[in-house]
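Here's the structure, in structure tokens; my notes come after.
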Amino acid sequence: MRPQRRLALGVLVAAALIAIGAYPFRDGFWGGLVLAMAEAGVVGGLADWFAVTALFRHPLGIPIPHTALIPSNWELMAARVGSMVGNRVLTKEYVSEEIGRIDVAELLAQGAARVSRRDLETATLTAVQWVADLVTPATSGELLARLRRALMDQPVAPALAAALGVARRHGWDQHAVQGLLTVLADAMDRPEFRATVGELIDDLLARYRARLGKYPRLFVGLASALGIIDRERLVAALHAGLKQVAADPEHPLRERWGEVVADLERRLATDAVLAAKVEEAKRQLLETPAIAQLFEDAAGALHRALLADLLRDRSQVVEWLADRLERARVTLIEDAELRVEVDRWIKARVTDLVERHHGRLASFIENGVRALGPEGAVRLIEEHAGDDLQFIRVNGTVVGGLAGGAIYGIHVLLRML
């Protein structure tokens, strides 16, 4: 029994004992006063004991109507608690104001200042090892299978259109073209690559001549014999053209490429026929067993390479990730403008989440209270408010005694008058 409950019971028993002790002296003024106060105290203590007990259970186990209020109405209580907290306490305005008072980026910067490069490497190594242990080849295969099913159900044409739009707005398409042209132009300087390109040109010319008629084929053969159509000349012209296009960002071919990408983006978003063809190609590609095997082999190879890298004294993966994290950490500490942008972005996202999901807050709290069950709800309230409720019993005994004494005094006064 808790101390507060023992105190309440002790006060009630004391009032009963005083009443018993004062009973033989009830004819005298003081004896009658003490008896009246003690009797009223007992009545008040018993009444408040009944009231407090009736909140949690049936007094003395007797199923008296309107007792055991919390177990009988715990579902309604859960709904009302959820509604009160979600809709009246944690309102959208209140949550947004509280979020606005916090400088999230400054807190992140302070935390980043306490972290060293060694801490980042240790944390990164632990995280990568956990991922490597968790993502086994079997898990990778299951993830890839789920990814294939998700791609099957997800229309790819709108996603491609959106990706092309983002790439065009950021100039990534031109960067990709620049990189490809530079790689090809540099590769053309290597003799083995030039020989491969020359063989492709010979093959294309042979196929082209095979489709020509007798006299056109004769003229093409004559041009080749006279050196007008020469493989090395064509390779050199192609090499020079690649260098020229790579060196000139304003080259007409580069502009034409931008127009082609823009037109493809528009058609992917609006042309139902093209979208259907893309979906069919996607379906056929994903259903090809070779593609599934390729994904599984790639996942297995990646997992083996990651495990081998982690066995080294200095893991390249860990160092690469730690370098990026260290760069982000230093930038966050030193760049005040970045912190302002980060703080604004985080608050905007959190506010958006609050606006979007605030309606679920009341249901979340209600379900949390409902999960306690009737016995859990009683136990929770008793643990947090039970001690204070026992003082109601003490106060009931004391106030009842004072009220009994006052009534006795009034009674004596009226009798004297």
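A 4.5 Å side-chain heavy-atom check between Ile18 and Leu35 finds every atom pair outside the cut-off. With a 4.5 Å cut-off on side-chain heavy atoms, Val104 and Val342 do not count as touching. Two residues are said to be in side-chain contact when any heavy atoms from C-beta on lie closer than 4.5 Å; Asp343 and Glu106 fail this criterion. Side-chain contact between Leu274 and Leu264: present, with at least one pair of heavy atoms (C-beta onward) separated by less than 4.5 Å. Residues Val273 and Lys277 form a side-chain contact, since some pair of their non-hydrogen atoms from C-beta on lies under 4.5 Å apart. With a 4.5 Å cut-off on side-chain heavy atoms, Leu120 and Leu321 do not count as touching. When side chains are defined from C-beta on, Arg267 counts as touching Asp263, because their heavy atoms get closer than 4.5 Å. Here the side chains of Trp320 and Ser315 are not in contact, with every heavy-atom distance at 4.5 Å or above.
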Candidate pair Leu125 and Leu310, rule side-chain contact (heavy atoms from CB on, under 4.5 Å), full reasoning:
CA-CA 8 Å; Leu125 177 60; Leu310 291 175; 4.0 Å; yes
Using side-chain contact (heavy atoms from CB on, under 4.5 Å), reason through Asp48 and Val394 one step at a time and then give a plain yes or no.
CA-CA 9 Å; Asp48 284 342; Val394 175; over 6 Å; no
Verdict with reasoning, Ser116 to Asp119, per side-chain hydrogen bond (donor to acceptor under 3.5 Å, both in side chains)
CA-CA 5 Å; Ser116 65; Asp119 295 331; 3.0 Å; yes
For Thr397 and Val42, run side-chain contact (heavy atoms from CB on, under 4.5 Å): C-alpha distance rounded to whole Å, both residues' side-chain angles, the deciding distance at 0.1 Å, then the answer.
CA-CA 6 Å; Thr397 304; Val42 171; over 6 Å; no
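The line from CZ of Arg101 to NZ of Lys347 is 11.0 Å long, rounded to the nearest 0.5 Å. A distance of 13.0 Å separates CZ of Arg266 from CG of Leu164, quoted to the nearest 0.5 Å.
Side chain of Arg339 to backbone of Ile333: a donor-acceptor contact under 3.5 angstrom is found. The closest donor-acceptor contact from the side chain of Lys282 to the backbone of Ala157 lies at 3.5 Å or more, if one exists at all. In this structure, Thr196 contributes its side chain and Glu192 its backbone to a donor-acceptor pair below 3.5 Å. The backbone N or O of Ala162 sits nowhere less than 3.5 Å from a side-chain atom of Glu265 that would complete a donor-acceptor pair. Checking side-chain atoms of Asp352 against main-chain N and O of Arg349 turns up no donor-acceptor pair under 3.5 Å. In this structure, Asp309 contributes its side chain and Val317 its backbone to a donor-acceptor pair below 3.5 Å.
Residues satisfying the salt bridge (Lys or Arg N to Asp or Glu O under 4.0 Å) criterion with Arg344, sequence neighbours excluded, are Glu341. Judged as a side-chain hydrogen bond (donor to acceptor under 3.5 Å, both in side chains), and not counting sequence neighbours, the contacts of Asp323 are Arg117.
Residues Glu121 and Ala322 share a closest heavy-atom pair of CG-CB, 3.7 Å. Closest of all the heavy-atom pairs between Ala38 and Ala15 is CB-O, 3.4 Å. Of all the heavy atoms in Ala132 and Leu307, the pair that sits closest is CB-CD2, 3.8 Å. Glu279 approaches Val156 most closely through the heavy-atom pair OE2-N, 2.5 Å. The minimum heavy-atom distance between Ala40 and Gly404, with the atom names listed, is CB-CA, 3.4 Å.
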